[in-house]
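These notes are about the structure you will find just below.
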Amino acid sequence: MLSTYPSLMTGDLPLSRQAAVAYAPAMEHAPEDSALMLRYRDGDAAAFEILYRRHNDALYRYLLRLCRHPQNADDIFQEVWGKIIKAADRYRPTAKFTTYLYRVAHNCFIDYLRRNKRHTHVGDYDADSQPNPGESPETAVERSLARERLDIALQNLPDEQRDAFLLHEEAGLNLDEIASVTGANRETAKSRLRYAVNKLRVAIDEPAETS
Amino acid sequence: MSNDRDQDKCVSETYRSLASEKTPQHLDRKILQMAAEQSKRPLYSRWMAWSRPLAWAATITLCLAIALELAREPSLEPLPAIPDDIAYELTVPESHYAAEPERGTVRGDLRKDEAAQLENEQSREMPAALADAIASEKTALARSAASQPTNEPPAPVYEVEEQKAKTSVEMFRYDDRSAAKMTTANAAAGVLEADMAIEEILVADDCPEIIQSDPETWLNCILNLEKAGDEESAERERDALIDTFPDFKMP
């Protein structure tokens with residue numbers, strides 16, 4: 001857990017978002033994820049579906065914002081789960097399933113970058129923002145502008161910093177796990193995350209300069 | 001610090017309000033179908049699951065077996081040295097033994113017990129050789145006695161020495177059991193006694209043929225003749241020695 005980046009209170013989030021948060025109580029899910037994967041290894045397809053439903057949206061958003069192109073994100077998404085499925089025979093719960101899953105995803109993204117060096121294209125996609133039902137119009141507009149600024153700032157982040165931020169937010173990984181997934185040491189992962197958060201905070205706090 | 005945390009929380013909340021995308025349904029269907037098809041295939045069987053630990057067990061067992069086999073091989077220690085007394089006896093000149101030139105020397109590569117056994121066999125055979133030597137000497141002496149004038153008395157020295165030779169031969173008449181019990185020291189003593197018997201035989205008038213086979217023993221015989229006062233025989237034997245062994249250096 002980050003010392004300067006507090007954990008989220010899951011009670012503050014809408015119910016639809018709470019299930020997708022693999023954050024503070026991540027260690028409680030880890031054995032269950034591993035157990036589901038082991039059951040799938042033994043032939044239980046329903047266990048895999050439960051596991052898939054638990055992580056598919058977060059992984060998709062991670063790849064979407066990492067690639068900045070929906071078509072490429074779809075391809076990498078299929079590749080990641082294909083590898084998970086084929087490697088089910090050799091699966092051993094030596095680490096958290098989330099760490100394992102996002103390590104595979106990170107590596108697939110790196111392979112994608114190497115294959116498409118000359119064809120890197122930053123696609124424009126519209127962040128799908130849904131206003132909260134109980135918000136006032138002014139608050140909704142302000143919130144929408146903040147999301148746009150954050151989205152633009154996130155796209156402008158260096159790949160390593162964006163990757164660290166998304167792993168923390170979408171996958172709920174701590175610094176050690178982020179370092180393990182990205183292949184860096186703990187201090188490097190910490191500095192990348194810190195820089196990313198600072199830049200995003202500046203983007204949110206200074207609307208007059210970016211508008 | 002708390003302000004930073006609040007701002008970090010604000011960033012996180014803002015992001016979470018932004019990130020609301022869901023996986024496209026066609027992707028969900030495709031991946032779940034792929035997982036279902038994979039689950040229908042025969043998964044890692046129980047036997048395959050044991051293949052790796054069995055391979056490890058076989059490798060470890062093989063390594064242990066090889067290590068134990070190497071540890072079981074006897075260490076190659078150097079053979080003990082032959083004692084000096086046996087080594088001395090093993091280097092007795094060949095001329096001391098009749099008929100077989102190779103007798104009297106033992107190969108250096110023989111072990112101690114084999115050297116003792118060979119020594120025992122040579123000791124047992126020695127009396128036979130001595131007996132043969134004495135027999136041939138008797139024959140020669142008988143011939144020379146027949147050729148001599150009858151009024152000449154027989155050489156008293158020969159009779160005395162013949163008796164001594166007989167005694168020497170009897171000393172070497174061992175039975176098989178005695179020979180088996182004879183120790184290495186006794187074998188060496190037997191060899192020494194055989195040498196003494198040969199020296200006694202050499203005191204006869206003429207040197208027998210068996211003595212003439214080796215120039216050194218022949219020379220000893222000649223010296224003994226000279227000591228006994230038989231200078232004519234000594235001179236005759238010396239001339240014969242020079243003729244037979246021209247390369248032999250007379251002292």
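The chains referred to below are lettered A, B, ... by the order of the sequence lines, with proteins before strands, and numbering in each begins at 1.
- For Y195(A), there are no side-chain hydrogen bond (donor to acceptor under 3.5 Å, both in side chains) partners, not counting sequence neighbours.
- By a heavy-atom distance cut of under 4.5 Å, not one residue of residues 60-69 of chain B is near chain A.
- Judged as a salt bridge (charged side-chain N to carboxylate O under 4.0 Å, His left out), and not counting sequence neighbours, the contacts of D176(A) are R186(A).
- In this structure, Y40(A) has its ring center at least 6.0 angstrom away from the ring center of Y91(A).
- Contacts between L154(A) and chain B at a heavy-atom distance below 4.5 Å involve the side chain alone, from C-beta outward.
- Looking at residues two or more places apart in sequence or on another chain, you find a ring-ring contact (aromatic ring centres under 6.0 Å, His included) between Y52(A) and W81(A).
- Ranked by non-hydrogen atom pairs under 4.5 Å with chain B, the options K86(A), E49(A), R53(A), Q78(A) are led by Q78(A).
- For the pair R192(A) and D159(A), the salt-bridge criterion is not met [side-chain N within less than 4.0 Å of a carboxylate O].
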Check your understanding: Between E169(A) and R61(A), is a salt bridge (Lys or Arg N to Asp or Glu O under 4.0 Å) present by the stated rule, with each step listed?
Key -> CA-CA 10 Å; E169(A) 288 297 323; R61(A) 285 189 296 272; over 6 Å; no

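- Residue contact with chain B, scored on non-hydrogen atoms closer than 4.5 Å, involves the side chain of L166(A) exclusively.
- Ring geometry for H55(A) against F97(A) counts as tilted: the plane angle lies between 30° and 60°, on a 0 to 90° scale.
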